[in-house]
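As the structure is a computational prediction, the values presented were derived from the model and not from experiment. Chain letters run A, B, ... following the sequence lines, proteins first, then strands; residues in each count from 1.
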There are 2 protein chains.
Amino acid sequence: MVSIKDIASAAGVSISTVSYALNGSDRITKETADRIRSIADELGYVPNRAARMLKKRETMLVGVFLTDFSGHFYGDLLYGLKEELNRRDYDLIVCSGRRSHRMIPERAFDGAIILDATFADEELIGYADRGHKLVVLDRELDHPNVNQVLLDNKAGATLAVEHLLSQGLCRICAVGGPESAFDARQRMRAVRQAAERVPEARLEELPGAFDKASGYAAGARIAEVAREGPVGVFCLNDEMAIGLCDYLRTQTPLRIGRDVHVVGYDNIELAQYMQPRLTTIDYSKRKWGALAAEQLLKMIEGRPVEQERIYVRLIEGESVGQLKEDAK
Amino acid sequence: MVSIKDIASAAGVSISTVSYALNGSDRITKETADRIRSIADELGYVPNRAARMLKKRETMLVGVFLTDFSGHFYGDLLYGLKEELNRRDYDLIVCSGRRSHRMIPERAFDGAIILDATFADEELIGYADRGHKLVVLDRELDHPNVNQVLLDNKAGATLAVEHLLSQGLCRICAVGGPESAFDARQRMRAVRQAAERVPEARLEELPGAFDKASGYAAGARIAEVAREGPVGVFCLNDEMAIGLCDYLRTQTPLRIGRDVHVVGYDNIELAQYMQPRLTTIDYSKRKWGALAAEQLLKMIEGRPVEQERIYVRLIEGESVGQLKEDAK
DNA sequence: ACAAGCTTTCGAAACGTTTCAATTTAATCT
DNA sequence: AGATTAAATTGAAACGTTTCGAAAGCTTGT
């Protein structure tokens, strides 16, 4: 493999000269620099990443850790991340799985973005203590080397529940997420508060795990509740909403948007292709990624970081209908 | 940052002893090895990846390159890849975008898996010529350092068209993929052959680009064709099929599975949540990934590699109905 | 013609490992 | 006890860069 050394001897200069030339230092005269660069091209020189990393103690790489590769909004999130990082000459690397955690202490990246339940809080704190820069997207952590971009879960969940209530629905079911999920806890808390503000509202919480299966499973209880009249269901994410709709359609005669009114959260791509289209809470995943990248770069470069938050809006599909029509 | 050197002085031994001990060499007596390891733990030692890469000229990393992060079957594919790689102590790293191509010549990985249209064939051949090991998933390349895991596109497309024909449909539309896509070319070729084998079949090819928009766009022409009677449509991937269904449902009175019969390809997750469920061609994405990983590891380790192929099957949804019923 | 001050180039150390060859230590045999 | 051999440890070079400080090569001004 051709190294800086080969270029040096081909050009009849020292390796330091080559290094300076290739890195565009102004210590080198323009002509020699050009000559060296063209020789490097001819020889097909490519710098050795490992050597550079070792010496410079920086990688120009950012790692993003995901629980798995199948999340429905990862595409957009990663797009936002990558664009922002590339603008600043960083490359993005996606990792998943416990095994890959070690890349952080091994200094494989200049910083990492975490959206990965397989990291315990203490583990992350440990890395931060040793000086690693982190941005967490799935929890809140108070540490000088950690920042977060928060989703406005409270606003989103409130929007969802109030939307159901405003349609005249007072029997509300909320299908929850795993206890370990920060987002789920925040959303459910907001659900309770929103329900409590309306005296006639009757809220029932159902367990869930953020996957289709648990939405499907919640269907049985929801069908029971629906026997007493129309019910509004807020699934704490779209996947569960889809599972629920699947159940209602295949296992019951209940009509979505009439007997059962469903709201999801996340506005995943599937949501708008459902029949009826799913009413859901939307937020910009690209912006989420871009802000995370921006924060991480600021930390790496030692610039001050300000707290960021992603705003939400309600998207109306047909999975929630006007209750008043029925009343007439 | 604590290095092997710190451990050496803390333990009162040389750095080579530490290195041997940490790597489990049998040159070191068990007691000292244990002692050194416990000191390393105490100090919180983590090996420096860059240094090891530089010296050993191997990274224990495999890079997978994707055109973007939003493909619908990447989740399963990457799962298969990762499992297989982890079993052999390799880590998987996902990259996307032209910028990241350079990681290959920079020797950031021991090998790479390519499913990324942003690589030109010549570029890949160039890397292979310089000794980089590659497995390509989106093309065929003849080179000692390149292998591929082929999808059985011919069988899949044949299955799809014959399924439509066997329902009594003889007006067939095929919505194609981008000319640059190897899979699209193979599938379309098989479509033509399958249609030619049946004298009464009338095939019409429509342009497409493997995205929802082009399925939607194809809808107009398909609606025209459907005026003369039921039509069978094979969309060369599920995304286009979904776009098409969206058009038919929102812009026409045509009934899917009655007036227009739709088959997709890939069996993406969305397909089974469509209403009606999409009839499509399925294959194991996990196995695809696992075989790709296996092939790459064989190349890296210098073991012989055999050509592999992924088999397909037809999944029946309700987007294709029995034409005979109508006739009755 | 020569010191002073630039500009351009070079030598060498360093980053943190691994690993070969050499050395020291311990064990075994006569 | 001394020689031989085996086992455990060490020294040093190497991997391919970057970068500091020094050296060499030019200009200028006197």
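In this structure, B/Glu58 atom CD and D/dC15 atom P are separated by 17 Å, rounded to whole Å. Between A/Met1 atom CE and D/dA14 atom C1' the separation is 18 Å, expressed in whole Å. For the pair B/Ile36 CD1 and C/dT17 P, the interatomic distance rounds to 14 Å; values are reported in whole Å. Following rounding to the nearest Å, B/Asn23 (CG) and C/dG16 (C1') show an atom-to-atom distance of 13 Å. What separates CG of A/Leu22 from P of D/dG16 is a distance of 15 Å, to the nearest Å. The interatomic distance linking B/Ile4 (CD1) with C/dT18 (C1') rounds to 8 Å, in whole Å. Per the geometry, CG belonging to B/Leu54 stands 14 Å off C1' belonging to C/dT19, to the nearest Å. C/dC15 atom P lies 11 Å from atom CG of B/Asp6, rounded to whole Å.
Atom NZ of B/Lys298 is surrounded by more than 12 heavy atoms from other residues, nucleotides or ligands within 6.0 Å. The number of heavy-atom neighbours closer than 6.0 Å to CG of B/Asp41, taken from other residues, nucleotides and ligands shown, is above 12.
Annotation: cation-pi pair B/Lys285/B/Tyr283 present, NZ/CZ under 6.0 Å from the ring centroid and within 45° of its normal.
Ring pair B/Phe65/B/Phe119: centre-to-centre distance below 6.0 Å.
In this structure, B/Glu308 and B/Leu150 have side chains that are not in contact, with every pair of non-hydrogen atoms separated by 4.5 Å or more.
Between A/Arg57 and D/dT18, a side-chain N or O to OP1/OP2 separation shorter than 4.0 Å is absent.
For the segment residues 38-51 of chain B, the set of residues with a heavy atom within less than 4.0 Å of an atom of DNA chain D is empty.
Counting only N and O atoms by type, the side chains of A/Asp26 and A/Tyr20 include no donor and acceptor under 3.5 Å apart.
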List, with names and distances, any nitrogen or oxygen atoms from the protein found under 3.5 Å away from nitrogen or oxygen atoms belonging to nucleotides 7-11 of chain C.
residue, atom, partner, partner atom, Å
C/dT9, OP1, A/Thr32, OG1, 3.3
C/dT9, OP2, A/Thr29, N, 3.1
C/dT9, OP2, A/Thr32, OG1, 3.2
C/dT9, O4, A/Arg27, NH2, 2.8
C/dC10, OP2, A/Ser14, N, 3.0
C/dC10, OP2, A/Thr17, OG1, 2.7
C/dG11, N7, A/Ser16, OG, 3.2
C/dG11, O6, A/Ser16, OG, 3.3

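Heavy atoms of B/Ser3 sit under 4.0 angstrom from primed sugar atoms or phosphate atoms, though from no base atom.
Under the 4.0 Å criterion applied to side-chain N and carboxylate O atoms, A/Glu301 and A/Arg88 are assigned as salt-bridge partners. The existence of a salt bridge linking B/Asp110 and B/Lys133 is excluded, since no basic side-chain nitrogen approaches an acidic carboxylate oxygen closer than 4.0 Å.
Listed by chain and residue number, A/Arg49, A/Leu61, A/Asn86, B/Arg99, B/Ser100, B/Arg102, B/Met103 satisfy the side chain to side chain contact (heavy atoms under 4.5 Å, CB included) test with A/Asp91 (two or more places apart in sequence, or in another chain).
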